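So you know, we letter chains A, B, ... as the sequences are listed, proteins then strands, and number each from 1. If you're wondering where the values come from, they're calculated on a predicted model, not measured in any experiment.
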2 protein chains.
Amino acid sequence: MATEKEGPSHRKVTSVDVAKLAGVSRSAVSRTFTADASVSKQTREKVLRAAQELGYRVNKLASSLISNRSDLVGIIASNMDNPFRAQQVESLSRVLLSRGLKPILLLVEGAEDPSQIIGMLLEYNVSGVIVTSDTPPQSICQECITLGVPMVLVNKAESATDVDRVLLDNHKSGVLAAITLYESGAREMAFVTTEHPSYSLNVRIASFIKQCEKLGLTPVTQLTGKLQNYQGGMSACGQYLTKHRTVDGVFCVSDYMALGFLDGLRLNGPVEVPAQMKVISCDDIPQASWPIYELTTIRQDTHKLAVVVVDVLQERIKQPNNPAAVKILDVELVHRNSTATV
Amino acid sequence: MATEKEGPSHRKVTSVDVAKLAGVSRSAVSRTFTADASVSKQTREKVLRAAQELGYRVNKLASSLISNRSDLVGIIASNMDNPFRAQQVESLSRVLLSRGLKPILLLVEGAEDPSQIIGMLLEYNVSGVIVTSDTPPQSICQECITLGVPMVLVNKAESATDVDRVLLDNHKSGVLAAITLYESGAREMAFVTTEHPSYSLNVRIASFIKQCEKLGLTPVTQLTGKLQNYQGGMSACGQYLTKHRTVDGVFCVSDYMALGFLDGLRLNGPVEVPAQMKVISCDDIPQASWPIYELTTIRQDTHKLAVVVVDVLQERIKQPNNPAAVKILDVELVHRNSTATV
DNA sequence: CTGTTAGCGCTTTCAC
DNA sequence: GTGAAAGCGCTAACAG
């Protein structure tokens, strides 16, 4: 029922309709809408005109059935409350769309059942998967790899199997943080991290500590928040206030934590920044530049990151059997008031 | 090339393979994986076992080709820097996934070319579209409607054509804001909005003003930021500080703006909150509860919202010809320090 | 309840 | 460069 006179404008204009109107074959229509076609300009124009008139659109579902290219890309993400994460998802979505790929957004939380996620990806024959989640169920990655689904890990450790990865220069971040704090006058260092830090956070910290040692600034105090968020930063600040008041330079693994740390200083101290305490962190989320924070940070440009991630993914799609690529993106120090010399 | 011995585990297990192994027909396999099937328990088990063994998964692309149900849902969003927006997208994504629908995330910015977006939605035969963007290109909505694509607008004005909408109780928000400010002792009212407010923001303000009039609190001062964000709130604060110092109660159309307003008071005043000034706004983003802000706000629960939105969408998918539904969701006052009586 | 028979709309050899 | 034919993997009628 309801095929003849249901809606104002009929759906379901097929390539046959266009072919008929244009006076060509379905193949010609198909070719017109295929990137690397081989159609005469004449036919192409006839087809386009007819398509326009009928409001024809290629049915990607049907085409991907045979071409095996769905152009759907799964984004596996989590913790969108962290502005950096939200920005990252936004950037990825934009870049994918600009390349003709369509992002399917899959939010996963730690303990969630990953088999559902995998199922979905496979059912839709996704062209690729991008994993930005801190704690991506290993099983997802593993299965994607064994099934030959192109995948890119963002800022994650290498896994058992070789797989494409794009990393921010976490090592440089740690080094830069130590140097910047030192140059701003801090001499007793601490860092703020979480109980279950991800790979990238650990690298930042290891490099930070090592650089502190090189600078002769030991020991380096560890302040730990439960989660990698505002509350975590604030509770780490509590540890500083109660047990480590001699510290005068702090490296937070992320801006999100740093905001909590700074507010802890302000509310529970007050400890003046940068007069009594220098603070630096990583990401450069919008809040870092807010005048209330003026947080010195090591920028990780989410747009640039997204561009590289999608580049790598598309390369992998084109060349499924190439060896795994690892790209390291540069980061950039953004000087603000929290490490100003007074 | 590369079909025989390419990967470790072969892809492309089809229903035929499963049928063969299970000793049944392809239809039996299909029925086993269809929700409202009609299969004997025996066959079902045989099929499931065979499927398990082969690692079979339904190819949704193929199935949607004939069933016309892709289970893909477009989310049209923007301004993910606003934490409320990010949270909204996250909630929608989660709820969709929990119902077996897959969110395609489409970020659009005001002036972007909408025809591309429409094209995408149509090419993938999306089961529905959810529009949360403040400024959704009208053309997208219009075309979806004429093409009969189920669509739900979130917190948007009614358009020319009838279409499902889910609204937060913006009227109540405005009224509640006025009353709360009044009860906290404020007597000279202002509101903070943007140069191009969306429909929902306008309703909030209209109701706020009307309620202020009822309370005998006129005139009501308008403070305007350029954009609906932190910076906008802060620049609105500038107007208060320079031209309207007698105001003692402010209603911000969103928490995001309120944060900027509060920081403006703190940095450029300082004006004490709540002693000299009461502030209230809408959303209840995580930041509102941060101890540095303690912002009284009118909560709009994004999860509840998402549930209702998806309910409406699924109902529309089931009953395409029902009259358009309009649901209004309740909002809830969250009292915090910014309207405390001193 | 089950199998058989037709396609869904498209791309892609393959001759011409 | 173009058309005819052959499916991609699946579901939905239809008999049995």
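Using a 4.0 Å cut-off, some side-chain N or O of Ser40(B) falls inside it from OP1 or OP2 of dT2(C). Between Thr14(A) and the phosphate of dG9(C), there is no side-chain N or O to OP1/OP2 separation shorter than 4.0 Å. At the phosphate of dT2(C), OP1 or OP2 sits under 4.0 Å from a side-chain N or O atom of Thr43(B). Contact between the side-chain N/O atoms of Arg69(B) and the OP1/OP2 oxygens of dA12(D) is found at a separation under 4.0 Å.
Rounding to whole angstrom units, CG of residue Asn59(B) and P of dT11(D) are separated by 9 Å. To the nearest angstrom, P of dC1(C) lies 15 Å from CD of Glu45(B). As a whole-Å value, the separation of Asn68(A) CG from dG9(D) P is 7 Å. To the nearest angstrom, C1' of dT4(C) lies 10 Å from CZ of Arg31(B). In this structure, NZ of Lys12(A) is placed 13 Å from C1' of dG7(C), rounded to the nearest angstrom. Between the CG atom of Leu61(A) and the C1' atom of dT11(C) there is a distance of 15 Å, rounded to whole Å. Computed from coordinates, the Asp36(A) CG to dG1(D) P distance equals 13 Å when rounded to whole Å. Atom NZ of Lys46(A) is separated from atom P of dT2(D) by 8 Å (rounded to the nearest Å).
Listed candidates were dC8(C), dG3(D), dT2(D). Nearest to the side chain of Ile66(B) is dC8(C). Checking dT12(C), dT2(C), dC8(C) against the side-chain heavy atoms of Leu65(B) singles out dC8(C) as nearest. The side chain of Ser67(B) approaches dT11(D) more closely than any other nucleotide in the set dT11(D), dT12(C), dT2(D).
Remark on DNA chain C: of its neighbouring residues Ser25(B) and Ala62(A), the 5'-side contact belongs to Ser25(B), judged by nearest-heavy-atom nucleotide. If you find the closest nucleotide of DNA chain C to Val39(B) and to Val58(A), the one lying nearer the 5' end belongs to Val39(B).
Put simply, the residue from Arg99(A), Lys102(A), Lys60(A) that forms a side chain to side chain donor-acceptor pair (under 3.5 Å) with Asp71(A) is Lys60(A). When each of Ile130(B), Leu92(B), Asp164(B), Val129(B) is tested with Leu313(B) by the rule side chain to side chain contact (heavy atoms under 4.5 Å, CB included), just one qualifies, namely Ile130(B).
Side-chain N/O atoms of Ser64(B) and Ser67(B) include no donor and acceptor closer than 3.5 Å. Judged purely by distance below 3.5 Å, without hydrogens or angles, the side chains of Thr302(B) and Ser91(B) pair a donor atom with an acceptor atom.
Counting atom types as modelled, Ser27(A) pairs a side-chain N or O with a base atom of dA4(D) as donor and acceptor under 3.5 Å. Taking 3.5 Å as the limit, the base of dG9(D) and the side chain of Arg57(B) contain no donor-acceptor pair of atoms between them.
The residue Phe33(B) sits apart from the nucleic acid: no heavy atom pair falls under 4.0 Å. Using a 4.0 Å heavy-atom distance criterion, Arg44(A) is classed as making no nucleic acid contact. At the heavy-atom level, Val29(A) lies nowhere under 4.0 Å from the strands shown.
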Item to complete: Go through the steps to decide whether Asn59(A) and Lys12(A) satisfy the test side-chain hydrogen bond (donor to acceptor under 3.5 Å, both in side chains), and finish with yes or no.
Response: CA-CA 9 Å; Asn59(A) 183 333; Lys12(A) 307 277 129 189; over 6 Å; no

Worksheet item: Glu90(B) and Arg94(B): salt bridge (charged side-chain N to carboxylate O under 4.0 Å, His left out), yes or no, with the steps?
Response: CA-CA 6 Å; Glu90(B) 173 162 7; Arg94(B) 280 189 198 292; 2.7 Å; yes

